[in-house]
Amino acid sequence: KQEVTQIPAALSVPEGENLVLNCSFTDSAIYNLQWFRQDPGKGLTSLLLIQSSQREQTSGRLNASLDKSSGRSTLYIAASQPGDSATYLCAGGGGNKLTFGTGTQLKVEL
Amino acid sequence: GAGVSQSPSNKVTEKGKDVELRCDPISGHTALYWYRQRLGQGLEFLIYFQGNSAPDKSGLPSDRFSAERTGESVSTLTIQRTQQEDSAVYLCASSLYGGGPSEQFFGPGTRLTVL
């Protein structure tokens, strides 16, 4: 059974700082790894999708990496902004579903 | 519409009543998924549709929960005889293809409160 863990559970940083969010998974037989952000009272917004054959994906200030052999993914956010404040979720895709971690709650302060 | 839509956005019901939650996936997406998120917990998979068939219902927590999809489009999740532990946000997602590496896109969710 796939289990996904995210560290840290919460993070507070000053505006402009670069930061890394960590995600680990127990079953390396994943099809993909997807990163989402969730804003309070809202659904999930897909940020990046890394296929199992890929090592990383980039979108703007976001870069996600995937190391299947070690069961890890990281989300790098450059030059953080207050608008980046949200909960970030990673999810491993296997079979017919995504298995989610419990998220990292990020606060970027002015 | 451009994205996944769900209705209602909020539903308050009394214990023992039945509720229906609706999901409209992105047009052309063959796969549809239901998840739920209870307060303070992670998202849990409920059911997966490929077309109008549900090859994976492994996440449905009890036989009070059922879902259907028609016209390879709209899906309805039905909860019978609701219990307080059913209170959660129910999220629907769709993807172009199922059973593999397709990116899933989520709707805004339905917040269900069972009194």
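What's counted below: heavy atoms across the whole structure, side chains too, no hydrogens, waters or symmetry copies. Letters go in sequence order (proteins before strands), and every chain restarts at 1.
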Taking atom [atom1] of [X] as the centre, does the number of heavy atoms from other residues, nucleotides or ligands within less than 6.0 Å exceed 12?
{"X": "Leu39(B)", "atom1": "CG", "value": "no"}
{"X": "Ile7(A)", "atom1": "CD1", "value": "no"}
{"X": "Gln105(A)", "atom1": "CD", "value": "no"}

Do the side chains of Val114(B) and Leu77(B) join up, straight or via other hydrophobic residues, at under 4.5 Å, putting them in one cluster?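 Yes; tracing contacts between hydrophobic side chains, which count when under 4.5 Å, links both residues.
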Leu47(A) with Phe25(A), same ILVMFWY side-chain cluster at under 4.5 Å: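 Yes; tracing contacts between hydrophobic side chains, which count when under 4.5 Å, links both residues.
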Nearest 0.5 angstrom please: [X] [atom1] to [Y] [atom2], how far?
{"X": "Glu44(B)", "Y": "Lys97(A)", "atom1": "CD", "atom2": "NZ", "result": "10.5 Å"}
{"X": "Ser95(B)", "Y": "Gln34(A)", "atom1": "OG", "atom2": "CD", "result": "9.0 Å"}
{"X": "Tyr48(B)", "Y": "Asn96(A)", "atom1": "OH", "atom2": "CG", "result": "5.0 Å"}
{"X": "Gln41(B)", "Y": "Thr102(A)", "atom1": "CD", "atom2": "OG1", "result": "10.5 Å"}

As a quick check of understanding, evaluate side-chain hydrogen bond (donor to acceptor under 3.5 Å, both in side chains) for Ser46(A) and Glu103(B), giving each step before the final call. CA-CA 8 Å; Ser46(A) 179; Glu103(B) 186 173 8; 2.5 Å; yes
Is the closest side-chain heavy-atom distance between Tyr35(B) and Leu98(A) below 4.5 Å?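 The answer is yes, as the side chains (C-beta and beyond) meet within the 4.5 Å cut-off.
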Validation row: Leu43(B), Thr99(A) side chains within 4.5 angstrom (heavy atoms): no
Please find out if less than 6.0 Å separates the ring center of Phe100(A) from that of Phe45(B).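 Between Phe45(B) and Phe100(A), which both carry aromatic rings, the centre distance is not below 6.0 Å.
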Using non-hydrogen atoms and a 4.5 Å limit, figure out which bit of Gln6(B) sits close to chain A: side chain, backbone, both or neither. neither
Identify each donor-acceptor pair in which a side-chain atom of residues 76-92 of chain A lies under 3.5 Å from a protein atom, sequence neighbours left out, and give them as a table.
residue  : atom : partner   : partner atom : Å
Tyr76(A) : OH   : Asn18(A)  : ND2          : 3.4
Ser80(A) : OG   : Glu17(A)  : N            : 3.3
Ser80(A) : OG   : Glu17(A)  : O            : 2.8
Asp84(A) : OD1  : Arg61(A)  : NH2          : 2.8
Asp84(A) : OD2  : Arg61(A)  : NH1          : 3.0
Asp84(A) : OD2  : Arg61(A)  : NH2          : 3.2
Asp84(A) : OD2  : Gln81(A)  : N            : 2.8
Ser85(A) : OG   : Pro82(A)  : O            : 2.9
Ser85(A) : OG   : Val108(A) : N            : 2.9
Tyr88(A) : OH   : Asp84(A)  : O            : 2.6

Tell me the salt bridge (Lys or Arg N to Asp or Glu O under 4.0 Å) pairs involving residues 77-95 of chain B, sequence neighbours left out? Arg64(B)-Asp86(B)
